[in-house]
**Q** 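This is the structure I want to talk about, given as structure tokens.
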Amino acid sequence: MKTFLLICLAVIAALVLLTNLGTMILLLISIAVAYYGVRKFIMATTTGSKVGWGIVILIGASMSLSNIPALIGVVALVVLYYIYKKWQQEKQNKYYKDNDLSWDKL
């Protein structure tokens, strides 16, 4: 029963992840633009370049704030990760139960 529920939850999380994949890509691009702007802002020496890179930072930040639905996809990705870890843990526990390695039998 546990494996059936894990499979159902994994399928649902995968569908949610696939539906939000486009917004997640745009979120990644906007975060990259903001990060690049911050790095260039720190290295800028003139006031004009700092203003220009500040505008780039604001553009990247506003793009990332408009992609809030992408957070649903990120949550689905985290859920898929935990389901995978739980599945691997159950397979490992089943392996040890089947082999029953104890000192008494050695």
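Values in this document were obtained by computation on a predicted structure and should not be read as measured data.
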**Q** Mind checking who shares a hydrophobic cluster with Leu77, ILVMFWY linked at side-chain heavy-atom distances under 4.5 Å?
**A**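 Besides Leu77, the hydrophobic cluster comprises Leu17, Met24, Val74, Leu80, listed by chain and residue number.
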**Q** Considering only heavy atoms from C-beta outward, does the side chain of Tyr81 approach that of Lys85 to under 4.5 Å?
**A**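 In short, these two side chains touch, coming nearer than 4.5 Å.
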**Q** With hydrophobic residues grouped by side-chain heavy-atom distances under 4.5 Å, do Ile42 and Val33 end up in a single group?
**A**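 Linked, Ile42 and Val33 end up in one cluster.
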**Q** With clusters defined by side-chain heavy atoms of hydrophobic residues (ILVMFWY) lying less than 4.5 Å apart, directly or transitively, does Val51 cluster with Ile59?
**A**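 Ile59 and Val51: one cluster.
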**Q** Given a cutoff of under 4.5 Å between side-chain heavy atoms of I, L, V, M, F, W and Y, with clusters grown through shared members, what are the other residues clustered with Tyr84?
**A**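 Grouped by the 4.5 Å side-chain rule, Tyr84 forms a cluster of one, so the answer is none.
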**Q** Among pairs that include at least one residue of residues 14-34, which meet ring pair (Phe, Tyr, Trp, His ring centres under 6.0 Å), considering only residues two or more places apart or in two chains?
**A**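 Qualifying pairs: none.
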**Q** Can you see which heavy atom on Ala76 is nearest to which on Val16, and at what distance?
**A**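 Of all heavy-atom pairs spanning Ala76 and Val16, the closest is CB-CG1, 3.9 Å.
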**Q** Please, which pairs that meet side chain to side chain donor-acceptor pair (under 3.5 Å) have at least one residue in residues 38-50, sequence neighbours excluded?
**A**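 Matches after skipping sequence neighbours: Thr46-Ser49.
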**Q** Under the side chain to side chain contact (heavy atoms under 4.5 Å, CB included) rule, collect the residues that match up with Leu15, sequence neighbours excluded.
**A**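 By the side chain to side chain contact (heavy atoms under 4.5 Å, CB included) rule, Leu15 matches Val11.
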**Q** What closest approach, in Å, do Ser64 and Ala61 show between heavy atoms, and which atom pair accounts for it?
**A**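 Ser64 and Ala61 have their closest heavy atoms at OG-O, 2.8 Å.
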**Q** Can you name the ring-ring contact (aromatic ring centres under 6.0 Å, His included) partners of Tyr36, sequence neighbours left out?
**A**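 Only Trp53 meet the ring-ring contact (aromatic ring centres under 6.0 Å, His included) criterion with Tyr36.
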**Q** Which pair of non-hydrogen atoms, one from Leu9 and one from Ile83, has the smallest distance, and what is that distance?
**A**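 That would be CG-CD1, 3.5 Å.
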**Q** Given the rule that I, L, V, M, F, W and Y join up when any side-chain heavy atoms are under 4.5 Å apart, are Leu28 and Ile31 in one cluster?
**A**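 The answer is no; the residues belong to distinct hydrophobic clusters.
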**Q** Nearest heavy-atom pair of Ile72 and Asn20: which atoms, and what distance?
**A**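 Smallest heavy-atom distance, with atoms named: CG2-ND2, 3.5 Å.
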**Q** Let me confirm one number: the CD1-CG distance from Ile68 to Leu27, rounded to the nearest 0.5 Å.
**A**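 So the gap between those two atoms works out to 8.0 Å.
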